[in-house]
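Before any comments, here is the structure.
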Protein chains: 2
Amino acid sequence: MEQQQISTYLLKSGIRPLQKRVKIMSYLVSKRNHPTVDMIYSDLIHEINGLSKTTIYNVLNLFVQSGVALALNIEGNEVRYDADTSTHGHFKCKICSGVIDFRIKQEELPNPMLDGFRIDEHHYYLKGVCSFCANKIEA
Amino acid sequence: MEQQQISTYLLKSGIRPLQKRVKIMSYLVSKRNHPTVDMIYSDLIHEINGLSKTTIYNVLNLFVQSGVALALNIEGNEVRYDADTSTHGHFKCKICSGVIDFRIKQEELPNPMLDGFRIDEHHYYLKGVCSFCANKIEA
DNA sequence: ATGTAAAATGAAATGATTACAAAAATAGTC
DNA sequence: GACTATTTTTGTAATCATTTCATTTTACAT
């Protein structure tokens, strides 16, 4: 996606499309790697002059509050971010630590009987070993 | 559950049923409140003489590794523990921070096409506002 | 009882995240 | 284009959960 499109998207979501915000969203959208704050920082520090980690925290928190990004809490010691806010699941490999998406429809997810509850977010996480790592183990 | 039953259960799971381990498991099983380490510590410090937080971390890590407890990563800043290792979902209320279980069958959870992947754990988390807090807001 | 291995302890280290005050950038107005 | 008020970014320090590690204590078999 072009930076211009990102700007429009952010604006539409009630977020002023400032330079760093656009770059960070652009990174999330293009890489789709469910990065941690550290990953974003190490990748963008070269590209954005004088970027601070605090800014990344600020911007990501803003994104999550505004609903343009999801915070994934798959593992206790790290938060990962995802610009894809549509319904989908996540698989995390214990070996390579990679996180991949898998498609599921909203209707496929069970809807428990929770009378009077307001449900805002659905998170479906799987953990195990990905096919690539599984092959390496066998070999 | 009686402490005796807990001991037998731990033993069967390959865990030596030492005093503190039994007490901590007993706490998890009886309270079913998905506690954090801090909650366990503040509740058991009165009951167990000279209990240290490090011990709770040690014991819980052992429980998780041995498969007699689950570590829930619903929110990024806290890990909660659950002695119920059967398939079920968790709902966390944004207002009161309470976590409740809901029953789902293994078969109800979607099984994505992940060829060659080994899936070890399924986590299904919902977030929103529980009925109790929703009522309070309306009132 | 005694010795050995396992477990628990507490203090210090680590790592992620937040708070906060100062500096910089931005948008709107003249 | 310059001026000012407001918002954003920055960097440091503070906070909080968790782990590490050396030491002490406990459990258990002999």
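Sequence lines set the chain letters: A, B, ... in the order given, protein chains first and strands last, and positions in each chain run from 1. As a basis for the values below, the full set of heavy atoms in this structure was taken, side chains included, without hydrogen atoms, waters or symmetry mates. This is a predicted model, so every value here is computed, not measured.
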Check every atom of [options] against the side chain of [X] and return the nucleotide holding the closest atom.
{"X": "B:Arg16", "options": "D:dT10, C:dA7, C:dA16", "result": "C:dA7"}
{"X": "B:Asp38", "options": "C:dA8, C:dA6, D:dA17", "result": "D:dA17"}
{"X": "A:Asn61", "options": "D:dA27, C:dT18, C:dT17", "result": "C:dT18"}

Starting at atom [atom1] of [X], determine the distance to atom [atom2] of [N], rounded to an integer number of angstrom.
{"X": "A:Lys23", "N": "D:dT8", "atom1": "NZ", "atom2": "C1'", "result": "16 Å"}
{"X": "B:Leu62", "N": "C:dA8", "atom1": "CG", "atom2": "C1'", "result": "13 Å"}
{"X": "A:Glu75", "N": "C:dG15", "atom1": "CD", "atom2": "P", "result": "17 Å"}
{"X": "A:Ile56", "N": "C:dT17", "atom1": "CD1", "atom2": "P", "result": "11 Å"}
{"X": "B:Leu60", "N": "D:dT19", "atom1": "CG", "atom2": "P", "result": "10 Å"}
{"X": "A:Arg21", "N": "C:dA27", "atom1": "CZ", "atom2": "C1'", "result": "13 Å"}
{"X": "B:Phe63", "N": "C:dA7", "atom1": "CZ", "atom2": "P", "result": "12 Å"}
{"X": "A:Ile48", "N": "C:dA24", "atom1": "CD1", "atom2": "P", "result": "19 Å"}

- [ ] Would you confirm whether the ring centroid of B:Phe91 sits within less than 6.0 angstrom of the ring centroid of A:Phe117?
- [x] yes
Open item on the list: Please check: side-chain N/O of B:His88 versus main-chain N/O of B:Ser86, any donor-acceptor pairing under 3.5 Å?
Closed with: yes
Are any of [X]'s side-chain N or O atoms less than 4.0 Å away from OP1 or OP2 of [N]?
{"X": "B:Lys20", "N": "C:dT9", "answer": "yes"}
{"X": "B:Tyr57", "N": "D:dT19", "answer": "no"}
{"X": "B:Ser52", "N": "C:dT9", "answer": "yes"}
{"X": "B:Gln19", "N": "D:dA27", "answer": "yes"}

Task: Residues in side chain to side chain donor-acceptor pair (under 3.5 Å) contact with A:Glu121, at least two apart in sequence or another chain - done: A:His123
Open item on the list: What's A:Gly76 touching, base or sugar-phosphate or nothing? Going by heavy atoms closer than 4.0 Å.
Closed with: nothing
Open item on the list: Over all strands shown, is A:Glu78 touching base, sugar-phosphate only, or nothing at heavy-atom distances under 4.0 angstrom?
Closed with: nothing
Task: Distance-only donor-acceptor check, side chains A:Thr36 and A:Glu78, under 3.5 Å - done: no
Open item on the list: Which is more 5' along DNA chain C, the nucleotide nearest B:Leu18 or the one nearest B:Thr54? Just name the residue.
Closed with: B:Leu18
Task: Test item: B:Leu10 and B:Val22 side chains (from C-beta on) under 4.5 Å apart, heavy atoms - done: yes
